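Order of the sequence lines fixes the chain letters, A, B, ..., with proteins taken first and strands second; residue numbering starts at 1 for each chain. All of these numbers come straight from a predicted model, not from anything done at the bench.
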Amino acid sequence: MTGEKMTLGGVVKATIDALAVAARNFVKPERITVYYPYEKLEYGRLRGWIGLWTEKCTSCMMCARICPTNAIKMYLAPNGKRYPGIDYGRCIMCHFCIDVCPTDALYGTGIKELAWYDYKEMIYTPDMEREPPKIQEPYKSVKVAIKYEGGVPKKIRVHG
Amino acid sequence: MNIWSLLLSPRLWFFILMFAASGGVLLTVVWFERKAAARVQMRVGPYHVSPQLGGYLQLLADAFKFIISEPIVPRGAHKLLFTWSPAIFVTLAFGASLLLPLTPELRLIKDPALLPHGLVFSLVILLLVSISVVVIGWSVNNKFAYIGAAREALLVAAYELPLILSFLAMAILYGTLNPLEIVQKQTLLVGAVLNPIAFLVFVITTAMATARFPFEIADYEGDVATGPYSDYGGIFLVLSFAGGTYYATFSYSFLATLLFLGGWALPGYAPGPWPQDVIGHLILALWVFLKTTVLMFFFAFLRAAMPVLRLDHTLVLGWRGLLVLGFLAVLWSAALRLGGVVP
Amino acid sequence: MIKSEEYGLVLKEEKLEGGRRVLDLFWGPQHPTSGHTRFIVEVDGDVVVNVTPDPGYVHRTMEKLGETRHWIQNIPLFERLSLPDAINVTWAYSTAIERLAKMDVSPRAQYLRVIMAELSRISTHLYDLGLHAIMIGSSTGFMWGFGLRELVVQLWAMVSGSRTTPTWVLPGGVRTAPPDAFYEQTKGFLDYLEKKIDEFVRVVVKNPVGYYRLKEVGYLGREDAARLMATGPGARGSGIDWDARRVYKYGIYDEFEWDVCVEDGGDSLARTMVRICEIRQSARIIRQALDRAPRDGPLVGEAVLHRMPPKQKETANQLIRLGALFTSRLPEGEGLGITEGGRGRYFFHVYGDGSEKPYRVRISTPSWQNLRAMIKAFIGARLMDLPAIYGSFGYFPPEQDR
């Protein structure tokens with residue numbers, strides 16, 4: 001279509017066509033909006049908060065060394081071993097530490113809704129890594145997902 | 001003069017109706033503009049302010065936010081013009097519609113002999129709105145604002161003449177400038193049907209004059225960053241760009257309703273004289289506002305469908321397209337007049 | 001009261017030799033459309049006579065940072081060059097490492113890479129088309145572009161667990177296997193994408209208002225495009241039939257039927273049409289790849305697989321643990337990686353010196369290459385055309401500044 005010049009009739013037709021497409025979308029909207037605090041998207045797989053089983057950890061320090069942002073610091077525990085603690089101010093949730101861990105001491109969760117009042121609270125010690133942070137849910141949220149039905153994306157509820 | 005005649009004075013009712021209803025119309029139109037664009041664009045639009053009303057009150061929240069924000073006057077700006085021209089803008093934009101009658105009785109100009117002057121004068125005032133845009137751009141004293149003001153000046157020259165021509169075409173068609181008679185003559189066939197060319201020209205020039213899409217050129221965000229209004233904020237922005245242009249659209253649409261859409265003419269319905277039949281006149285006023293709102297809905301919907309036209313193409317459209325169409329509209333009206341098929 | 005000499009444009013103009021007067025406009029970095037770069041635009045009336053770019057506002061020393069860390073730590077770093085095109089960037093880097101460390105890629109990973117890289121191209125094109133649409137004033141095109149891209153990033157999240165930062169391509173293969181639902185979901189998405197792209201063309205591109213914003217605007221001739229080394233849609237919109245997927249035959253693009261999109265116009269419209277055509281071609285490639293992709297098999301090649309402990313090898317069909325990669329060093333030598341991203345050619349040149357850190361990483365990105373061509377296209381255009389040209393090149397300052 002490049003190169004040719006539009007005739008007057010073509011201009012009028014294309015204008016009406018554009019308005020018609022907009023009108024069709026106005027009459028039959030194809031919304032995919034997720035009303036966030038009330039609905040939450042279910043991706044199936046999400047890289048989020050990182051947990052630690054200290055009893056499995058062998059203090060090999062692979063996680064601290066592979067971390068691309070140096071977010072992991074090894075803390076000295078009373079038993080003389082060193083366990084990783086994560087600074088979530090620096091963590092980019094790439095989960096390299098989990099994938100490099102030879103004993104599966106680190107595990108991933110889908111918890112992405114993390115917020116803190118202070119940067120000091122973002123620095124997690126190994127003890128804090130043992131339990132997932134509590135998610136504040138002021139609204140009871142519904143899990144939704146986008147599925148394609150009849151050629152258009154539809155937001156549907158998913159269970160579990 | 002007792003209290004009842006004061007309370008039932010048509011001028012007072014006209015004033016209250018115009019201020020209240022124009023506010024309501026604006027609220028509805030801006031809400032529609034946002035919601036319609038959102039529907040087309042796979043999203044929801046305003047929601048969290050008044051979820052039951054579908055975000056209808058979002059504009060009030062926005063206006064409140066703008067009004068409480070600090071009005072900043074830039075260092076280099078011309079202070080007097082910078083602070084006063086938004087007020088002048090909105091006064092001109094809204095004042096034009098005060099010169100037109102709302103129903104046969106509800107009007108500001110009491111003397112029927114002065115009504116033709118009111119009609120012409122309202123158009124003149126509307127055309128002055130663009131001058132205040134240029135003044136705004138000049139007083140900001142910033143390169144982007146200057147370029148925007150220069151564009152507005154170029155656009156005024158391009159749309160003014162076709163607008164006046166379409167107005168003239170309707171005046172020739174009806175053979176009068178008295179709005180009461182103009183509406184009376186549209187009882188059977190409205191002006192938009194009698195002279196569609198003039199209506200088309202009027203609608204396009206209105207979109208150009210009020211910076212609706214696709215003619216949002218003087219304040220085009222892409223290169224001049226909202227042009228003349230680039231240093232405005234807070235209440236100034238409400239009065240000029242964020243609210244004033246909608247008032248201008250309202251006045252233009254109101255004028256178009258009288259000229260082209262039959263105004264308050266409801267076939268088979270005639271209200272009684274004013275103080276006795278208040279409800280009847282209110283129905284007529286509602287009918288006028290309804291038409292105005294529908295016309296404004298069209299302008300609002302253009303946002304969802306149109307990009308912005310280029311400046312030089314717009315000028316070409318104005319000078320070569322609309323001017324010729326305007327002359328055609330005048331000729332068509334004259335032909336109808338000479339042919340004797342006018343109301 | 002009014003000191004007129006303080007106001008107006010006349011005294012703000014600069015006089016050039018020959019009695020010419022121009023106005024300097026600082027377009028960016030704080031501007032609704034320019035992005036994080038500055039263009040000093042000299043306008044004579046309404047016509048742009050000269051544009052001086054002033055890049056560097058988002059320079060993040062990517063190349064130098066790449067020398068200071070383990071080569072595997074560079075993957076999350078380099079994908080931040082251009083997050084819309086994350087897969088193609090990391091693929092180029094991974095190719096360089098594969099050539100350098102002589103790693104092979106497993107057949108399954110080849111297919112998965114093609115699927116994700118084409119999704120990445122679609123994502124970049126939607127991003128650019130959306131921004132281009134809002135630059136020429138169509139908010140609908142913007143919302144459609146980004147709305148569709150939202151569906152792409154949901155597909156990415158299904159595969160990699162992250163919406164915009166997949167960190168998914170590894171040297172030797174890929175990191176995670178997509179779930180079975182991904183295949184169905186992607187097909188549904190492609191059907192919807194093609195329908196919506198048609199509507200995009202009708203509302204934005206073929207709409208006369210948009211059509212005349214793009215047509216015969218920002219002309220870049222074929223010779224100029226070649227001389228100034230334009231790449232991606234910038235080159236193919238000027239009639240240069242060059243696509244790294246075709247020329248270097250990386251991955252398994254040869255196995256699929258697809259066309260290189262070339263338009264002869266050389267203007268903004270041609271570049272936009274190249275984007276739209278490439279989205280359709282990408283959908284075509286993905287459909288073929290989805291059908292042919294093996295659902296089972298190791299995700300990395302033999303070279304990595306044989307270094308993995310047996311317990312991790314068992315899960316190598318689903319998830320790659322990084323221990324084997326993390327403990328391998330780069331040999332002495334150099335490796336090149338080239339991929340065709342959405343905006344053009346990504347080029348990574350990695351030098352290894354026997355340690356785990358690259359000795360030097362050389363990166364060439366398409367936006368940087370397109371900069372000179374874009375300046376050439378700017379000159380002579382009208383002021384209102386600047387956004388229309390800027391958007392048509394898909395110029396992306398974070399990628400350009402590296």
Q.
Please rank A:Ala18, A:Ala23, A:Pro29 by heavy-atom pairs under 4.5 Å with chain B and give me the top one.
A. A:Pro29
Q.
Please give me the minimum heavy-atom distance between A:Phe26 and B:Arg39, naming the atom from each residue.
A. O-NE, 2.7 Å
Q. Which atom names give the shortest non-hydrogen contact between B:Val40 and A:Ala22, and what distance separates them?
A. CG2-O, 3.4 Å
**Q.** Segment of A:Val27 engaging chain B (4.5 angstrom heavy-atom cut-off)
**A.** backbone
[atom1] of [X]: more than 12 outside heavy atoms within 6.0 angstrom?
X        : atom1 : answer
B:Trp332 : CH2   : no
A:Arg24  : CZ    : yes
A:Glu131 : CD    : no
B:Ile68  : CD1   : yes
B:Phe297 : CZ    : yes

Q) Are B:Val44 and A:Tyr35 close enough that some pair of their side-chain heavy atoms sits under 4.5 Å apart? A) yes
Q. A:Arg31 side chain to B:Met42 main-chain N or O, any donor-acceptor pair under 3.5 Å?
A. no
